[in-house]
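Below: one structure, written as structure tokens.
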Amino acid sequence: MKILKMSVLIIFHPVVAFSYIQKERDRFQARPIVILLLLGIIVRLFSLQFTHYPLSSITIRSNLILEVAKLFVPLVSWGICSYLMTTIMDGETMFRESMLAVSYALVPYIIFMIPLTLLSRILDANQAGLYGSLEACILGWVILLTIVSLKEMNHFTVGKTVVIVLLSVFTVAILWAAVALLYSICTQFLDFVGEVLVELRYKF
């Protein structure tokens, strides 16, 4: 029930909602994070499957897991990296609160993507611009809420918030580069081990 009330508050009074999360930190649990992220994944899959084909951004051969990751990996990365930056820059939020704010920032996406997907069923390729604009507005709303949460929950000024946002984006880029590098190294190492095993099998 608290998730529903907080979701309504996020839509109509986001500043109050995020301030409340920070103020009542001892009463909030990690459960809403899991529930909201799962709801976001369900809505994303629904959107990918039922968006009218002429308006869909994916093809039949697209990897659904990858398409879901395109939305949620940036959000989770942002939650981690923005928390690290606020910790360095005298922020006031804990990691759980940072991830909770990111999860609640998904509320507009969870609420409005389903009717937008259903609306796409009566649109054709000529209305692709309208559909894309509405989808961009929803995603922009989610991004704006994450920035608002950063400012309100840490009591930053506008200038400091801008600095933290830029540093967080830079940190996210470094994190992705490090993960990509580690993946490349591991892949090459496994390929090397496989080739060695093949050679040993032929020799012995």
Cluster question for you: counting only ILVMFWY and a side-chain heavy-atom cut-off of under 4.5 Å, with indirect links fine, are Ile42 and Val102 together?
no
Looking only at atom types and distance, does a side-chain atom of Ser98 sit under 3.5 Å from a main-chain N or O of Gly79, one as donor and one as acceptor?
yes
side-chain contact (heavy atoms from CB on, under 4.5 Å) assessment of Tyr131 paired with Thr51
CA-CA 10 Å; Tyr131 178 83; Thr51 297; 3.3 Å; yes
Please assess Leu118 against Phe50 for the test side-chain contact (heavy atoms from CB on, under 4.5 Å), listing each intermediate value before the final yes or no.
CA-CA 8 Å; Leu118 296 177; Phe50 294 102; 6.0 Å; no
Does Tyr104 reach the side chain of Leu36, with side-chain heavy atoms less than 4.5 Å apart?
yes
Can you hop from Val73 to Val34 via hydrophobic side chains spaced under 4.5 Å?
no
Are side-chain heavy atoms of Leu150 and Phe18 found at a separation under 4.5 Å?
no
Whether Asn154 side chain and Thr86 backbone form a donor-acceptor pair below 3.5 Å:
no
Measuring from Tyr20:OH to Leu9:CG, what's the distance to the nearest 0.5 Å?
9.5 Å
If I take atom CD1 from residue Ile35 and atom CD1 from residue Ile110, how far apart are they, to the nearest 0.5 angstrom?
10.5 Å
Could you tell me whether a side-chain N or O of Lys160 sits under 3.5 Å from a main-chain N or O of Met89, the two making a donor and an acceptor?
yes
Out of curiosity, does Leu45 fall in the hydrophobic cluster containing Leu71 (side-chain heavy atoms, cut-off under 4.5 Å, transitive links)?
yes
Are Trp141 and Tyr109, when compared by the centres of their aromatic rings, separated by less than 6.0 Å?
no
The residue among Ile164, Val163, Asp90 that forms side chain to side chain contact (heavy atoms under 4.5 Å, CB included) with Phe156 is Ile164
Would you say Leu145 ends up clustered with Val15 if hydrophobic residues are merged whenever their side chains have heavy atoms under 4.5 Å apart, either directly or through other cluster members?
yes
Do the non-hydrogen side-chain atoms of Glu135 and Met113 ever get within less than 4.5 Å of each other?
yes
Closest heavy-atom pair and its distance - Cys81, Thr171:
SG-CG2, 3.7 Å
Nearest heavy atoms of Met153 and Ala101, plus distance in Å
SD-CB, 3.6 Å
Side-chain heavy atoms under 4.5 angstrom apart, residues restricted to Ile, Leu, Val, Met, Phe, Trp, Tyr: same cluster for Phe12 and Ile10?
yes
Would you indicate whether the side-chain heavy atoms of Glu97 and Tyr83 approach each other to under 4.5 Å?
no
Test side-chain contact (heavy atoms from CB on, under 4.5 Å) on Leu48 and Thr117; report intermediate values, then the result.
CA-CA 9 Å; Leu48 292 173; Thr117 300; over 6 Å; no
Nearest-0.5 Å distance, CZ of residue Arg31 to CG of residue Leu100:
12.5 Å
For Phe46, is there any backbone N or O sitting under 3.5 Å from a side-chain donor or acceptor partner on Gln49?
no
Walk me through whether Trp176 and Ser77 qualify under side chain to side chain donor-acceptor pair (under 3.5 Å).
CA-CA 9 Å; Trp176 290 356; Ser77 300; 3.0 Å; yes
Heavy-atom closest pair, residues Pro74 and Ala69:
CD-O, 3.5 Å
Is there side-chain contact between Leu75 and Thr146, with at least one heavy-atom pair below 4.5 Å?
yes
Would you find a donor on one side and an acceptor on the other, under 3.5 Å apart, between the side chain of Ser184 and the backbone of Ala180?
no
Could you state the interatomic distance from CG (Leu175) to OG (Ser168), rounded to the nearest 0.5 Å?
11.5 Å
When you look at Glu152 and Val16, which way does the side-chain contact (heavy atoms from CB on, under 4.5 Å) test go after all the steps?
CA-CA 9 Å; Glu152 296 301 324; Val16 175; over 6 Å; no
Side chain proximity check, Phe95 to Leu84, heavy atoms < 4.5 angstrom
no
Minimum heavy-atom separation for Phe72 and Ile41, please, with both atom names.
CZ-N, 3.3 Å
CZ (Phe189) and CG (Asp191) are apart, to the nearest 0.5 Å, by 11.0 Å
4.5 Å side-chain heavy-atom contact, Glu92 and His155:
yes
When rounded to the nearest 0.5 Å, the distance separating CD1 of Ile114 from OG of Ser47 is 9.5 Å
Less than 4.5 Å apart, any side-chain heavy atom of Pro32 and any of Ser103?
no
